[in-house]
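Encoded as structure tokens, the structure appears first; notes follow it.
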Amino acid sequence: MVWSSPTLASGCWSTVDGVYGSSAGALNGAWLVCQRVRDNIHGWWAPETMGAIIRPRNALRRRPVVNGDALVNEVYETLTPMGYDEILASDVEYHPTGTDADTGASTDLAPFIHDKRTLQLALKATTRLPVLSGPPVELGGRRFIDGGLAEGVPVAMALAQGATHLLVLRTRAAQLAPIRTHPLKQRAVSRWLARHAAGASETWISRNQTKLELEQMMASAPNILQVHPPADAPSISVVGQSAEVQERAVRMGEVAMREALQGAGTSAAD
């Protein structure tokens, strides 16, 4: 997830111009924009939430293992109510991203969002994981899959749209060494894309090199502040269902964010 702000060091929400996010980062961004994080943060580890959207046994029935539709249509309506109206009315621009199923391009979904229904579709699109979450989502006459496939951290998009200073919230530390994908995952996703989103196949093949180039750029950019978990943070699986692990990871993220902003504030004062 990426914040666009001219004064990162202040850590003040009033200085944020826009929020960009792909996949789970877009969900975090939505909570940030509607300012309901404190009341609903427990949704990331509540058993009833995870049970509603993560069902590994569905793989045997050829049904979604990670059900983004249930997350948006059910969980975000009743268990942890998402502030859709607040997002639509906010002065802070909200930019979830998707991967175009027919071109493989990283796409800003903001222009397709006009009301609650299209905002919900955008949330489904940005989290539509290949293999695990069902077919591409149609929005604005186009088809989209998980935004993280084309651009895991939408820094390039934010900069291209005029952002000058970025605060990047990471789920893992930067990886500046060559990135590898397990051969079984590589084949499974490639086959799924060939059937459902052939235009994104080349994006999938080249994504590790794209990620590495992005990491190198962010590591050297003076206008980008990255916040990531400490080295001992637990590894979070896409289909992980341990409430204890999920909560611990969230709490460690809170601490990392606080420390990063306090450090930035001190540096700016000096």
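Glu151 places no side-chain N or O within 3.5 Å of a backbone atom of Ser22 that could act as its donor or acceptor partner. In this structure, Thr126 contributes its side chain and Ala26 its backbone to no donor-acceptor pair below 3.5 Å. The backbone N or O of Trp45 lies less than 3.5 Å from no partner atom in the side chain of Glu247, so there is not a single donor-acceptor pair. Not a single donor-acceptor pair under 3.5 Å links the side chain of Thr203 to the backbone N or O of Ala150. Within the 3.5 Å criterion, the main-chain N or O of Val33 finds no donor-acceptor partner in the side chain of Glu86. Between the side chain of Thr107 and the backbone N or O of Ala105, at least one donor-acceptor pair lies under 3.5 Å.
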Please step through side-chain contact (heavy atoms from CB on, under 4.5 Å) for the pair Arg143 and Val137, ending with a clear verdict. CA-CA 5 Å; Arg143 301 183 311 131; Val137 174; over 6 Å; no
Check the pair Lys124, Glu138 against salt bridge (Lys or Arg N to Asp or Glu O under 4.0 Å), reporting the backbone distance first and the verdict last. CA-CA 10 Å; Lys124 295 176 184 179; Glu138 293 188 14; over 6 Å; no
Hey, mind stepping through His95 and Leu109 against side-chain contact (heavy atoms from CB on, under 4.5 Å) and telling me if it holds? CA-CA 6 Å; His95 297 268; Leu109 301 181; over 6 Å; no
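Proximity of Leu159 to Tyr20: side-chain heavy atoms (C-beta onward) are nowhere separated by under 4.5 Å. When side chains are defined from C-beta on, Val37 does not count as touching Asn28, because their heavy atoms never get closer than 4.5 Å. You'll find the side chain of Ile113 reaches within 4.5 Å of the side chain of Leu88, heavy atoms only. Two residues are said to be in side-chain contact when any heavy atoms from C-beta on lie closer than 4.5 Å; Ile87 and Met82 meet this criterion. Looking at Val168 and Leu225, their side chains never come closer than 4.5 Å, going by heavy atoms from C-beta outward. Side-chain contact between Phe112 and Thr118: absent, with no pair of heavy atoms (C-beta onward) separated by less than 4.5 Å. Residues Pro130 and Leu149 form a side-chain contact, since some pair of their non-hydrogen atoms from C-beta on lies under 4.5 Å apart. For the pair Arg55/Asn67, no side-chain contact is recorded, criterion being any heavy-atom separation below 4.5 Å from C-beta on.
No more than 12 heavy-atom neighbours from other residues, nucleotides or ligands sit within 6.0 angstrom of CZ on Arg191. Within 6.0 Å of atom CG in Asp91, 12 or fewer heavy atoms from other residues, nucleotides or ligands are found, so the atom counts as exposed in its surroundings. The number of heavy atoms from other shown groups lying within 6.0 Å of CD (Glu254) is above 12.
For the atom pair Ile224 CD1 and His165 NE2, the distance stands at 10.5 Å (nearest 0.5 Å). In this structure, Ile53 CD1 and Leu71 CG are separated by 5.0 Å, a value rounded to the nearest 0.5 Å. If you take OG1 on Thr99 and CG on Leu193, they are separated by 9.5 Å, rounding to the nearest 0.5 Å. Atoms CZ and OG, from Arg195 and Ser190 in turn, are 14.0 Å apart once rounded to the nearest 0.5 Å. Rounded to the nearest 0.5 Å, atoms CE (Met217) and CD (Glu215) are 10.0 Å apart. Distance check, rounded to the nearest 0.5 Å: CE of Met218 to CG of Asn223 gives 12.0 Å.
Hydrophobic clustering, with ILVMFWY side chains joined whenever heavy atoms are under 4.5 angstrom apart, keeps Val72 apart from Leu121. Hydrophobic clustering keeps Leu132 apart from Phe144 (ILVMFWY residues linked when any side-chain heavy atoms are closer than 4.5 Å, directly or through intermediates). Hydrophobic cluster membership differs between Val227 and Met252, with clusters built from Ile, Leu, Val, Met, Phe, Trp and Tyr side chains linked at under 4.5 angstrom. Following chains of ILVMFWY side-chain contacts shorter than 4.5 Å, one can reach Ile41 starting from Met257, so the two form part of one hydrophobic cluster. Cluster membership check: Trp44 shares its hydrophobic cluster with Leu123, using side-chain heavy-atom separations under 4.5 Å among Ile, Leu, Val, Met, Phe, Trp and Tyr.
Scanning all heavy atoms of the two residues, the minimum distance from Ser201 to Ala194 falls at OG-N, 4.2 Å.
Asp146 and Ser23 share a donor-acceptor pair across their side chains, judged by distance under 3.5 Å alone. There is a side-chain donor-acceptor pair under 3.5 Å between Asp108 and Gln161.
Legend: residues meeting side-chain hydrogen bond (donor to acceptor under 3.5 Å, both in side chains) with Glu202, ordered by chain and number and at least two apart, are absent. For the ring pair (Phe, Tyr, Trp, His ring centres under 6.0 Å) test, residues two or more places apart in sequence or in another chain that qualify with Trp192 are His196. Residues passing the ring pair (Phe, Tyr, Trp, His ring centres under 6.0 Å) test with Tyr84, sequence neighbours excluded: none. Qualifying ring pair (Phe, Tyr, Trp, His ring centres under 6.0 Å) partners for Tyr76, counting only residues two or more places apart in sequence or in other chains: Trp31.
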Which side-chain N or O atoms in residues 172-189 pair as donor and acceptor under 3.5 Å with protein atoms at least two apart or in another chain?
{"residue": "Thr181", "atom": "OG1", "partner": "Arg207", "partner atom": "NH2", "Å": "2.3"}
{"residue": "Thr181", "atom": "OG1", "partner": "Asn208", "partner atom": "ND2", "Å": "3.1"}
{"residue": "His182", "atom": "ND1", "partner": "Leu184", "partner atom": "N", "Å": "3.0"}

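Contact check on Arg142 versus Asp100 returns a salt bridge, with a Lys/Arg side-chain nitrogen under 4.0 Å from an Asp/Glu carboxylate oxygen. Under 4.0 Å is where a charged nitrogen must lie from a carboxylate oxygen, and between Arg248 and Glu244 no such pair does. Checked for salt-bridge contact, Asp85 and Lys116 miss the test: no charged N lies under 4.0 Å from a carboxylate O.
Listed by first and then second residue, the salt bridge (Lys or Arg N to Asp or Glu O under 4.0 Å) pairs involving residues 127-136 are Asp69-Arg128 (not counting sequence neighbours).
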